[in-house]
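All chains are named by letter (A, B, ...) in the order of the sequence lines, taking the proteins before the strands, and each is independently numbered beginning at 1. Just the heavy atoms: all of them, side chains too, but no hydrogens, waters or symmetry mates, feed the values below.
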Number of protein chains: 2
Amino acid sequence: MVKEDNTQQKILDAARSVFMKKGLAGARMQEIADEAGINKALLHYYFRTKDKLYYAIIEEAFQTILPLVSDVFNSSETLEMKLNRLASKYVDLLEEHRYLPLFVLNELQMNPGRISEFINLKKFLNIPNLKKQVQTEYGLEFINEGMLMHAFINFLSNMIFPFIARPIIQFNLGISDEIYREFLMTRKVLVPRIFISTLKSMNEYAKNIK
Amino acid sequence: MVKEDNTQQKILDAARSVFMKKGLAGARMQEIADEAGINKALLHYYFRTKDKLYYAIIEEAFQTILPLVSDVFNSSETLEMKLNRLASKYVDLLEEHRYLPLFVLNELQMNPGRISEFINLKKFLNIPNLKKQVQTEYGLEFINEGMLMHAFINFLSNMIFPFIARPIIQFNLGISDEIYREFLMTRKVLVPRIFISTLKSMNEYAKNIK
DNA sequence: GTCTATATAGGGATAGAC
DNA sequence: GTCTATCCCTATATAGAC
């Protein structure tokens with residue numbers, strides 16, 4: 001009991017690191033053991049199978065992301081505040097956990113059903129409520145739910161994709177870690193602003209069509 | 001020599017399908033052989049190792065994407081036409097090859113260097129030229145290269161991310177293939193329009209700061 | 001070119017001592 | 001709880017017949 005938490009934590013840290021870089025099939029139990037400074041048998045003592053260890057990490061990953069989103073969306077702030085807070089938190093989170101987004105997206109691609117227990121998009125993406133806020137706080141009365149869907153997906157895309165595509169962008173354009181980091185930090189304020197300006201533009205467009 | 005092209009093609013088709021779904025480590029030579037309707041030994045006869053077969057598929061994937069982008073960017077069309085054509089082609093391509101984007105992004109994450117021979121972002125992302133077109137065709141004189149970089153990354157994000165995140169969005173929001181397909185098709189015209197409206201908004205913002 | 005059969009290694013998992 | 005040794009299956013790769 002003395003070292004239990006400690007060893008378990010070391011295993012989880014090592015497993016997270018290896019699984020995020022290599023995925024389930026690519027990861028080696030030996031490599032995880034090495035990185036944790038223990039031997040293979042002990043991995044199986046704590047987590048009976050590779051699969052179980054993997055899903056401990058998957059669950060942990062989702063529990064890292066979700067409270068953050070949930071917290072913002074269940075607040076009673078103005079839309080502007082919500083967006084700014086969400087963008088800011090996202091950038092910090094993904095900057096710290098560089099492999100997280102691709103890891104999560106891969107798991108969702110491989111196994112969309114298994115993850116449903118963790119994620120409930122509907123809970124966060126309350127379109128009717130979003131619509132109300134857009135109307136009362138910005139007076140955009142021609143915005144419909146379809147437009148909001150597009151705008152929200154764009155918001156997510158703009159937040160997450162620059163992290164996923166980071167290797168190729170940085171490598172190919174010869175951008176240093178430092179510069180790319182600044183680029184990402186700028187987006188904390190830029191992306192929410194673009195979300196609003198996009199909605200305004202959509203609203204104008206819809207008004208003129210009518 | 002009689003069946004060579006035929007068998008080789010069957011192998012490539014099968015390998016593409018399996019590698020895209022499972023990745024390098026997750027794919028099984030047996031599964032590829034089965035899907036190609038041949039046996040394992042023949043795989044090794046045509047492509048000596050799993051690795052070589054994998055990189056044949058990787059190369060093919062990049063050769064599918066790049067001419068498309070290159071073609072658009074080396075044309076002398078207006079910016080609006082370029083964007084519309086690029087968006088339209090992208091959507092059709094990714095709709096047809098559902099696993100392509102995540103497959104490519106994974107490879108780039110795993111092995112950013114190895115791929116550099118295929119991709120030359122600098123060639124496409126000619127920021128000075130883009131800036132000139134923005135100024136002459138839309139009169140946006142306050143747009144600088146940093147803003148263009150953000151706008152272009154947003155454009156890419158908005159095009160690609162909805163395909164990557166498709167499983168979770170569809171599954172979780174209970175959206176049918178049919179409806180999500182319509183959603184994506186709409187973006188052929190929507191995303192270019194948002195690119196321009198974003199630049200206009202940035203231009204206003206920059207003007208007022210000055 | 002294509003097959004069956006097999007060599008060889010790698011890696012997940014367990015037994016058992018301490 | 002932690003280790004060493006080992007089991008055993010799976011998967012890549014090759015040999016060799018046709």
If you draw the axis of the six-membered ring of B/Tyr205, does the NZ or CZ of A/Arg193 fall within 45° of it and under 6.0 Å from the ring centre? yes

To the nearest angstrom, how far is [X] atom [atom1] from [N] atom [atom2]?
| X | N | atom1 | atom2 | answer |
| --- | --- | --- | --- | --- |
| A/Phe47 | D/dT2 | CZ | P | 12 Å |
| B/Glu31 | D/dA11 | CD | C1' | 13 Å |
| A/Leu42 | D/dG1 | CG | C1' | 7 Å |

On the 0 to 90° scale, with breaks at 30° and 60°, tag the A/Phe152-A/Phe73 ring pair as parallel, tilted or perpendicular. perpendicular

Under 3.5 Å: donor-acceptor pair, side chain of B/Asn106, backbone of B/Leu102: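 Flag set: sc B/Asn106 to bb B/Leu102 pair under 3.5 Å.
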
Ignoring backbone atoms, establish whether A/Thr7 has a side-chain N or O less than 4.0 Å from OP1 or OP2 of D/dT2.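 True: A/Thr7 side-chain N/O within range (under 4.0 Å) of D/dT2 OP1/OP2.
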
Under 4.0 Å from OP1 or OP2 of C/dC3: is there any side-chain N or O of B/Tyr45 that close?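 For B/Tyr45, the contact criterion (side-chain N or O under 4.0 Å from OP1 or OP2 of C/dC3) is not met.
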
Inter-residue atom distance B/Phe183.CZ - B/Leu190.CG, 0.5 Å rounding: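 Rounded to the nearest 0.5 Å, the CZ-CG separation comes to 8.5 Å.
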
Run through B/Lys21, B/Lys40, B/Lys22 and flag the one making a side-chain hydrogen bond (donor to acceptor under 3.5 Å, both in side chains) with B/Glu31. B/Lys22

How does each nucleotide of nucleotides 4-18 of chain C score, in 5' to 3' order, for protein heavy atoms under 4.0 Å: base (B), sugar-phosphate only (S), or none (-)? B------SBBBB---

Just by distance, with hydrogens left out, do A/Tyr54 and A/Glu107 show a side-chain donor and acceptor under 3.5 Å apart? yes

